[in-house]
Amino acid sequence: MNPESRPLSVRIANALGGRDGVASAESPPLDWTGAGSVVMALLAPFAGTVARALRPLDAVGDALAARPALVAAAAAIVVPVSQMAGFAAIGVVAAAVAVLSILLAATRALHEGDELRIVVRALLVGAALRLAFGVAIAAQGGFPDETGTYHPIAADAASCWRVGGPATMASNLIVQGRAAYFHLLAGTYFLFGPSMVAGRVLGAAMGLAAALAAGEVGRALGGRRAAAIAAALVALHPEHAFWSATLSRDTLTTLLVLATLAVVLRRPGTLLRGNLIVAAAPLGLLAMNSFLVAGALGATLVAMALAEAFVGARGPVARGAAVAAAAVLAFAALVFVGNRYGAWFRPEMFTVVRGKAIGTEADFLPGVEFTTWWAVAAYVPLGAIFVLAAPWPWDAVHANRAAYGVLALAGLAVSVAGVVGLAVACRRRAAAAAPV
């Protein structure tokens with residue numbers, strides 16, 4: 001196997017481990033382990049029932065994915081005609097079907113066999129889930145950020161573009177940290193009219209695209225089954241589906257982060273000679289949408305590039321230089337964040353964060369002020385109890401909190417299984433599993 005075609009994570013791990021790692025490079029760093037087998041055994045009785053219930057979706061997926069160009073061409077005709085006829089909503093629906101058709105066609109190019117069926121069904125159910133959330137949010141009148149910030153600014157920009165005048169977004173301070181999403185939303189309004197439905201369809205499309213990007217990250221780490229499960233988890237995750245049905249920059253940020261990681265992990269070649277340049281495109285858009293997230297991810301990629309450059313010598317001096325470079329980058333990131341928010345990581349900042357996270361009236365937490373680091377450390381056990389017990393406080397039980405509690409426990413189970421699987425993988429192939 002050509003060393004240059006190995007995943008970057010495998011090549012860095014092999015170099016750090018002082019071995020060429022041919023056997024490790026031929027397979028992903030992570031593989032199915034005892035923990036994964038236990039989880040699959042627990043889910044098997046339900047998986048068969050769910051698979052039989054979702055089997056009719058296969059025909060729908062095949063029909064939509066068969067002719068994506070034809071569906072897109074039909075949507076291109078329906079959209080302007082529906083606008084001229086005064087039924088812009090029909091054009092939005094046609095565009096949504098076209099986007100789903102393109103995503104399903106991309107799924108057929110990325111996955112095959114049983115994994116393809118898993119991802120296609122997950123995308124279709126995820127699309128229906130986002131539709132339900134979008135209808136529910138619209139019925140409630142939307143969120144304040146939607147009606148007070150995102151929608152009016154983007155709609156005004158679209159109307160300015162239609163008459164050929166300058167958009168007011170250029171002088172709006174709110175847009176500066178979210179420019180990528182605002183321009184994307186305004187462009188959507190320019191094509192389909194200033195309808196919040198079009199904005200919700202845009203968010204749903206980005207959410208499903210993020211699921212496919214997550215699958216490619218999973219493929220690099222654990223193979224094609226991991227790719228299918230990663231895509232399904234993101235497509236079906238209720239909270240991600242909820243927020244991707246809103247007008248918000250967060251879904252675009254998620255998509256760009258996962259796309260950047262997928263490029264770095266999947267593209268052959270070294271990070272310095274190829275991957276870093278290709279990753280600059282989604283990173284640049286990410287910087288226009290969330291500068292702090294782009295800075296953290298960019299620093300991580302630079303640290304990986306330095307590690308890749310240093311570990312080639314396979315000596316203690318080179319490895320020490322790589323560790324030092326990573327430490328300098330981490331310290332610079334902490335200084336930047338501290339200067340940006342004026343916090344400098346004082347104990348008091350935990351009081352502020354806690355207040356923003358749970359509000360001024362906690363369910364059953366005492367009003368503790370974090371004035372010393374000892375107070376922070378002593379509060380950790382109580383905070384852990386709160387995280388586990390908060391979904392069902394005795395004096396504030398309601399349906400939303402209970403549903404979120406089930407989601408939190410499911411996420412905790414996935415996290416625990418992942419950590420156990422990673423520990424087993426490290427014992428089996430430590431060098432290959434190290435970057436994960």
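Below, each value reflects all heavy atoms present in this structure, side chains not excepted, and no hydrogens, waters or symmetry copies.
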(message) Minimum heavy-atom separation for Ala235 and Leu123, please, with both atom names.
(response) CB-CD2, 4.2 Å
(message) Which residues pass the ring-ring contact (aromatic ring centres under 6.0 Å, His included) test with His111, not counting sequence neighbours?
(response) none
(message) As a quick check of understanding, evaluate side chain to side chain contact (heavy atoms under 4.5 Å, CB included) for Ile90 and Val78, giving each step before the final call.
(response) CA-CA 8 Å; Ile90 297 177; Val78 171; 4.0 Å; yes
(message) Nearest 0.5 Å, please: how far is CZ in Arg121 from OG1 in Thr107?
(response) 13.5 Å
(request) If a pair satisfies side-chain hydrogen bond (donor to acceptor under 3.5 Å, both in side chains) and one of its residues is in residues 192-204, list it, with sequence neighbours excluded. (result) Glu146-Arg200
(request) Check whether any side-chain heavy atom of Ile153 lies under 4.5 Å from a side-chain heavy atom of Leu185, and answer yes or no. (result) no
(request) Please report the closest heavy-atom contact between Val71 and Ala98, naming both atoms and the distance. (result) CG1-CA, 3.6 Å
(request) Kindly write out the residues that satisfy salt bridge (charged side-chain N to carboxylate O under 4.0 Å, His left out) with Glu239, not counting sequence neighbours, or none if the list is empty. (result) none
(request) Kindly say whether Leu256 contributes a backbone atom to a donor-acceptor pair with the side chain of Thr260 at under 3.5 angstrom? (result) yes
(request) Only counting residues at least two apart or in another chain, list the ones meeting salt bridge (charged side-chain N to carboxylate O under 4.0 Å, His left out) with Arg117. (result) Asp114
(message) Are the side chains of Leu100 and Leu64 in contact, using a 4.5 Å heavy-atom criterion?
(response) yes
(request) State whether a side-chain donor-acceptor pair under 3.5 Å links His240 with Arg130. (result) yes
Check residues 204-214 and write down every donor-acceptor pair under 3.5 Å in which the side-chain atom is one partner and the other belongs to a residue at least two apart or another chain.
none

(request) Supply the atom-to-atom distance Leu236 CG to Leu129 CG, rounded to the nearest 0.5 angstrom. (result) 7.5 Å
(message) Could you report the tightest heavy-atom contact between Leu258 and Val217, atom names first, then the distance?
(response) O-CG2, 3.7 Å
(message) Within this structure, what is the CG-CG distance for the pair Leu247 and Leu202, rounded to the nearest 0.5 Å?
(response) 8.0 Å
(request) Kindly confirm or rule out a cation-pi arrangement of Arg162 over Phe190, judged by NZ or CZ under 6.0 Å from the six-membered ring centre and within 45° of its axis? (result) yes
(message) Please find the pair of heavy atoms, one from Ala105 and one from Ala65, that lie closest to each other, and give the distance.
(response) N-CB, 3.8 Å
(request) Enter the distance from Leu184:CG to Thr188:OG1 here, rounded to the nearest 0.5 Å. (result) 5.0 Å
(request) Answer whether the closest heavy-atom distance between the side chains of Asp156 and Ser159 falls below 4.5 Å. (result) yes
(message) I want to check something: taking the side chain as every heavy atom from C-beta on, are Ile118 and Ile229 in contact at a cut-off of under 4.5 Å?
(response) no
(message) Within this structure, what is the CG-CG distance for the pair Leu252 and Leu285, rounded to the nearest 0.5 Å?
(response) 7.5 Å
(request) Report the distance from atom CG of Asp250 to atom CZ of Arg178, rounding to the nearest 0.5 Å. (result) 8.5 Å
(request) State, to 0.1 Å, how close Ser290 and Thr253 come at their nearest heavy-atom pair, and which atoms those are. (result) CB-OG1, 3.9 Å
(request) With His151 as reference, evaluate Tyr189, Phe143, Phe182 under the ring pair (Phe, Tyr, Trp, His ring centres under 6.0 Å) test and give the passing residue. (result) Tyr189
(request) For the residue pair Leu261 and Leu297, establish whether any side-chain heavy-atom pair is separated by less than 4.5 Å. (result) yes
(message) Applying ring-ring contact (aromatic ring centres under 6.0 Å, His included), can you list everything that pairs with Tyr181, at least two apart in sequence or on another chain?
(response) Tyr150
(message) Is any side-chain heavy atom of Trp243 closer than 4.5 Å to one of Thr246?
(response) yes
(request) Could you tell me which non-hydrogen atom of Ala245 sits nearest to which non-hydrogen atom of Gly134, and how far apart they are? (result) CB-N, 3.8 Å
(request) Compare all side-chain heavy atoms of Leu104 with those of Val120 and state whether any distance is below 4.5 angstrom. (result) yes
(message) Tell me if the aromatic rings of Phe242 and His237 count as close, with their centers under 6.0 Å from one another.
(response) no
